[in-house]
Every structure is written in C-alpha cells, then in structure tokens.
There are 2 protein chains.
Amino acid sequence: MAEKVTIATVARHARVSRQTVSNVLNSPHIVRQETRQRVEDAINALGYRANQAARQMRTGRSRLIAARIDPTRDGINGSVLDRFLHGLTETADAAGYRVLLYTATDDDREIATYGDLLGTYELDAFVLVGTKYGDPRTEWLADRDVPFVTFGRPWDALDAHPWVDVDGAAGTAQATRRLLDAGHRRIAFIGWPVGSGVGDDRRAGWRDALRAAGVDPTGLHRETEDGIAEGERLMHDLLDTVAPSAVVCASDSLALGALQAIRGVDPPVSVIGFDDTPVAAAVGLTSVSQPLGEAAARCVDLLTGVLDGDHETPTPVLLQPSLALRHTA
Amino acid sequence: MAEKVTIATVARHARVSRQTVSNVLNSPHIVRQETRQRVEDAINALGYRANQAARQMRTGRSRLIAARIDPTRDGINGSVLDRFLHGLTETADAAGYRVLLYTATDDDREIATYGDLLGTYELDAFVLVGTKYGDPRTEWLADRDVPFVTFGRPWDALDAHPWVDVDGAAGTAQATRRLLDAGHRRIAFIGWPVGSGVGDDRRAGWRDALRAAGVDPTGLHRETEDGIAEGERLMHDLLDTVAPSAVVCASDSLALGALQAIRGVDPPVSVIGFDDTPVAAAVGLTSVSQPLGEAAARCVDLLTGVLDGDHETPTPVLLQPSLALRHTA
DNA sequence: TCCAGAAACTTGAACGATCCAATCCTGCCT
DNA sequence: AGGCAGGATTGGATCGTTCAAGTTTCTGGA
C-alpha cells in the first residue's frame, strides 16, 4: 500500500520546502519559473492532491456549496429542479466547487440545517431555489453574512442579495402574443392564487400582453393551487362561462389539466403551459421554456464573484425564457 | 461577533478537559452520567458543533457520500433519479452522512472524478446508479477497496459488491398477469435491445408470465432504443403484424409512444409502462412503480454497515415493485 | 568591491479534533 | 488508616495545510 502523498512528500521530492509547494499551488507568481517546474513535475509524478480537510482547517473555506433537493411534489414540475441541479453541479465543478445536498420539510427546519451545515462543514455558500414574500431563509442568511444566491428574485425588494431569475412575465407575454398573432382574442389564464410572487408575475405578463393588444382581460382568469385536477376543473369552469379560444397556464400541471378538459371540444382550444417539462414534450404541449442550465451557471458566477473576489453585491441576472412550440398552440 | 465555539470552549464551560468532551461525543458510555450531563448542557448552551474538517483530518473519514447526477436525457425517466437522490439525501442525513454531487460524461471521466474526490475530499463512499455488463467503474472502486453500493445489481456476477435493486422481472410479470387476469391473451412487449441487463430482465418477466399461463410469447416482442417516437413506431408495427390486445413496455417513454399509436383503435388496447413517472400519473398510464425511497434507504443501510461496522460484505437487497393502476390497464 | 533592497525560499506556529499514555480520584477491602 | 484496583480525567502529540516571520540568495548601482 503506497503511503499517503502530502505536501511534505512533494517538497522532499522536489527538494524545496513545504511552503514553496504551497506557493506553487496558491500563488505561483512568487515562485521562480525553474523551481515551479520542478515542483509541478513532482506533483504529477507523485499524483499529489491537496487535502481539502487540512486546507479547510487553516483557511476556513470548504469549497462546498449547498443546494436543497425537494421531495418531488406533484412530480411534473420536479424535473425543473433536477435539471437545475445538474447544471449547478457542472458549473460549480468547473469553478472548483462541489455541491452538497440537503433536504428540509419546512422553513424552520431548513434554517436549522443551515446552522448545522455551516457549523460542521463550514459551507461556503447556499443556493436557494424558489423565493417568496418575506422569506425567512434569506433574512437569516443575510443577517449572518453567509454568502448565498437565490434562483428566484426577492419579491420584497427589502434587502438586496444576489439573485438569478427567469422573466416569467416575459414568458407568458410571449405565449399570449403568439396566441394573439394566431388570431385568438378570448385568451384565458389559469394561474396560482394571488400572493405568490412567481404566480403574480406570470399572470401580469398575460394581462399586459392582452391590454397592449387592446383586449380586456377582465373575467378571463382563474386561480387555484397547482395540480392537474385543479387545472381541469378551472378549464371546465372557463368553458362554461367565458368560452375562451385559448388559454395560457402558469404551469404544465395546470396546462395538462386544461388539455384533458378540452378533449373533444370543437373548434380546439389552444393551450400553452409553463416550464417545458418532460410531460409537455411527451404530450406535445407548447410551453414556456426556462434556460435552467444557464440560470445555474449564472448562480455559480455570482457566488464565485462574492467568494473569490469583490465585496460589492453583484448585479442580479434576469434571463429570458423562450417558447417551445408544439402542437397545442 | 461571537467567537468560534470549539471543543476547548465547551470543556472550559463544563469545567472538564477537551478529552472528556470528545468522549461524550464519541464514547458516551465511558463518561460518568453526571459529567456527561454537564457537558451536554454546555454543548447546548454554547451551540457547539464539532468541526468536520478537524475531525476528518484526524480520523480520515469525511462522512460524505458521493452520488452522480445525470443530465436529464429524454426527461421522462429523469425523475427516477430525482426521487432516488431525494431519498438518499434524507436517509443519509439521518445516518449522519451528507450527499455530494458529481457529474461525468463517460466512464473514463467518471473514474477520474473518483480519484479526484477521494484524493481531495476523502469521500467515504460512492453510490452508483445503474450498472451494466462489465462495468469498469465498479471494478476500479473494488480494486482500491473504496466502499460503494450500486442501485442496480451487478449483471456479470463476477465480483460481489453490495447492491440494491428492484426486481424488474417481477414487475413486468405482475403487469402481465394483471392483463392475463383481465382476459387478454395476445400481450405484446416493447423493450430495449438485447444485451442490457435491465432490459433483458424486464422482458424475461413478461415472457415467463406468459409461458406460465400457457401463452406462447413468440413474435410478440419488439426491441428499440428508449424514446416516445420509438415506442410509437414499434406499436404501429405490432398493430400491423400481430395485433395484440395489450402491451407491456420497458419504460414509460415507450408506453407513452404506444399510447399515441393506439389512439382511436377499437377495441382499446391496454398499455402498461414502467417506472411510474410523473408523466404516467399525468396521462393516466398504468405503470410498474419502483420503491425508490426504500431503495435509497437500503443503499444507505448497506453503506453504513460497511463504514461503521462489520467487514463482511453485506447481503444484497432485491425490492419488489408494485403496480400503479390507472385507466390504461 | 560593497551594500541596499528585492526576490526567493525556509522555518515555526496554528487551525480543531482525536488518539495515546500517564495521572488522578474514588470507593472498597483489609 | 493504608493500600489497591479500576474507572475517570488530563496533557501532549498528531493529522496536512497555510500564515507570519525569518533567513538566504540575487541584482544592480555607486
């Protein structure tokens, strides 16, 4: 069994001191070219890798980023997180960071987990997916100067922290305009109850696009919790009352419900969902697509900016979604 | 700013030595009840948490488990990994371990990542999802005595390592029997090309169930790569040639394609998929459901067994799937 | 040739926990 | 009262790295 290769092993092999090896790794510019080469050769020859625990103990930095993985709720929108996490892992890796998972069933437990992760693992930063009004989590982290980024903008506009988000209103507006261009006028909207930032934003995009086209949106929208059954119920309600020729939904779950409700209706009602989930692709549902990989990459960018460099709060990033066209609209 | 709470702080507060505090944490039974209580009170009062880096440096154990997160491929089956990872994180957490994510585009890179993770982070173990014939990854890990578990049995039966799997054959057999019980006789199967362990296993379950019922499976199966379009194509082929009254599929993707192919066919053809993905739930597809949370939990069980205790190779675990009944069968 | 000053490199100490070996109690028995 | 056994407690060393401070080597100008 080969003995452990430490910085001392490399130093001996390259006939320099430990510190010089450390300098080659962390501040190469202060080491003479010739010496640096000798050390690098030794590192390669021995297959040396810096021990993260020892480094962390001295520097207090773990090069670990925490991200939460949720229980798959209704499942349809779950894959959004899945794709985001993959992007996050990939980009973080390239930046020399690793992603650590955690779960929590509610905000209190999540905050308790923060304390635990910070205390025992000395995590460098957190990535929060999803934000809401008066989010206690961001407040807690900000109070303790823990670096974090949210995927989802802060709806309070109280404290400014780094965030990345996708412009949901632009997405629904784009969807609505496409329906308008196709000749639709009675374009309904099925969304979430007023009060959720994301939901209100998506509804606003639809409403403003209609108004801009001179169409009165009054009475054309319905609100409910997310879910297929809920979407189906509200679509039936819409068909019975205002008889829209098209509908934009705040999620693919709702859109899927709407699709079931309009089965057999003639002329066919156009439906557009939101999130471009695998389900949408599977059933041919036109849907607003979020650039999740890009969003994850920008999250890492913001974090590394805070962690490795400038102390000023970086500029938030608002990404534009696109429309994945399929045969329902 | 409160200063850092170390084991020395706790010791001072409880009027004992550092070692006693360490004993309370690691070998509570050798400390007198009264003293233990005093130390525990101090720990709570100060909010002390053992620094993982320092512990790791001395013990060489990181209490970190690595799991791979794949790019979502066709997306439909992606949520399987999602749900597994969530279960893994939850159970690992309860056992005092954390899950670290990594990605890799091919086996060679994945193995290179193993070396990196082991060298710099001293990972305790790996969880591999999916196995294939002659998997180079398990070989590499086994050669180096790195603890690992696979979710998916070793198809070679060469080297025995701990694994957890779901009995795919039992799942398709159960699906097939349900169709037989409903009166079907011409029950087809759409699966993956011969040579993948998982695919062959699922086909075998269907075949054996048919034979057990005295039905000749010859000519009733088709093979293709996974995908909705592929499933649709092969279902059309089946309808044109053997005209089955029901079909069992190796995945929900294939089943979804089959569903599209039979639209309008009368009498309706029954379809059963595999994996019970969100898509299946959404479109009402009956599907074989894997106990993913349970599988993840058993993976953690096996790992902790290897890590914290006995040196003997633990017994593999084969879990039974169930049938999620919906309206397509 | 000599010296100042910079550059390059080396040495000792520290991070916070655990392990080891030595010491200190405490209760019990004679 | 003294001695002893056994468990409880203590100090010191250690893991591998980086920081801070010290020492040597190099460079160039008078």
Side-chain angles (χ1 to χ4, degrees), chain A residues 2-40 42-43 46-64 96 116 118-124 308, chain B residues 2-40 42-43 46-64 96 116 118-124 308:
Chain A
E3 69 181 299
K4 212 177 289 180
V5 178
T6 75
I7 209 170
T9 321
V10 176
R12 224 177 303 128
H13 194 273
R15 307 176 151 271
V16 293
S17 67
R18 297 171 320 216
Q19 182 61 33
T20 301
V21 178
S22 175
N23 285 336
V24 169
L25 294 172
N26 303 306
S27 328
H29 59 281
I30 68 165
V31 180
R32 192 170 25 154
Q33 162 65 28
E34 181 196 322
T35 314
R36 195 193 322 169
Q37 189 60 54
R38 208 165 71 238
V39 171
E40 280 167 354
I43 288 176
L46 296 167
Y48 165 78
R49 291 167 205 273
N51 181 306
Q52 178 55 32
R55 169 175 292 172
Q56 175 180 345
M57 191 144 121
R58 195 73 182 103
T59 63
R61 305 276 298 273
S62 62
R63 301 202 77 84
L64 244 37
D116 191 33
L118 289 170
T120 64
Y121 287 90
E122 300 184 277
L123 268 95
D124 285 351
D308 300 337
Chain B
E3 71 182 296
K4 215 177 288 181
V5 178
T6 77
I7 206 170
T9 321
V10 175
R12 223 177 304 130
H13 194 273
R15 305 174 152 272
V16 293
S17 68
R18 295 168 318 202
Q19 179 64 19
T20 302
V21 179
S22 175
N23 285 338
V24 169
L25 295 172
N26 302 305
S27 327
H29 58 281
I30 67 165
V31 181
R32 188 171 33 161
Q33 162 66 26
E34 180 196 324
T35 314
R36 194 195 321 167
Q37 190 58 52
R38 208 165 70 236
V39 171
E40 280 167 355
I43 287 177
L46 296 167
Y48 166 78
R49 290 163 205 274
N51 182 308
Q52 177 54 31
R55 169 175 292 172
Q56 177 179 348
M57 191 137 94
R58 192 82 182 100
T59 63
R61 306 275 299 274
S62 62
R63 302 201 78 84
L64 244 37
D116 192 33
L118 288 170
T120 65
Y121 286 89
E122 298 184 280
L123 267 94
D124 285 350
D308 301 336

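In this text the structure is predicted, and so the values were computed from the model without any measurement.
- Sequence neighbours left out, not one pair with a member in residues 14-28 of chain A passes salt bridge (Lys or Arg N to Asp or Glu O under 4.0 Å).
- Rounded to 10°, the angle separating the first-five-pair axis and the last-five-pair axis of the helix from dT1(C)-dA30(D) to dT30(C)-dA1(D) equals 60°.
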Base, backbone or nothing for each nucleotide of nucleotides 12-18 of chain C, written B, S, -, heavy atoms under 4.0 angstrom, 5' to 3'? BBBBBBB
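- Partners of Ser17(A) under the side-chain hydrogen bond (donor to acceptor under 3.5 Å, both in side chains) rule, at least two apart in sequence or in another chain, are Thr20(A).
- Considering only residues two or more places apart in sequence or on other chains, Arg49(A) meets the side-chain contact (heavy atoms from CB on, under 4.5 Å) condition with Asp116(B), Thr120(B).
- The two residues Tyr121(A) and Ser62(A) have their closest heavy-atom pair at O-CB, 3.5 Å.
- Residues forming a side-chain contact (heavy atoms from CB on, under 4.5 Å) with Leu46(A) (at least two apart in sequence, or on another chain): Val5(A), Thr9(A), Val10(A), His13(A).
- For Ser22(B), the side-chain hydrogen bond (donor to acceptor under 3.5 Å, both in side chains) partners are Asn26(B), not counting sequence neighbours.
- The side-chain hydrogen bond (donor to acceptor under 3.5 Å, both in side chains) check on Gln56(A) picks up Glu122(A), with sequence neighbours excluded.
- Bounding nucleotides for the chain B contact on DNA chain D, 5' to 3', at a heavy-atom distance below 4.0 Å, are dA8(D) to dG16(D).
- Nearest approach of Tyr48(A) to Leu25(A), heavy atoms of both residues: CE2-CD1, 3.8 Å.
- In this structure, Glu40(A) has no side-chain hydrogen bond (donor to acceptor under 3.5 Å, both in side chains) partners at least two apart in sequence or on a different chain.
- By the salt bridge (charged side-chain N to carboxylate O under 4.0 Å, His left out) test, Arg61(A) pairs with Asp124(A), Asp308(A), sequence neighbours left out.
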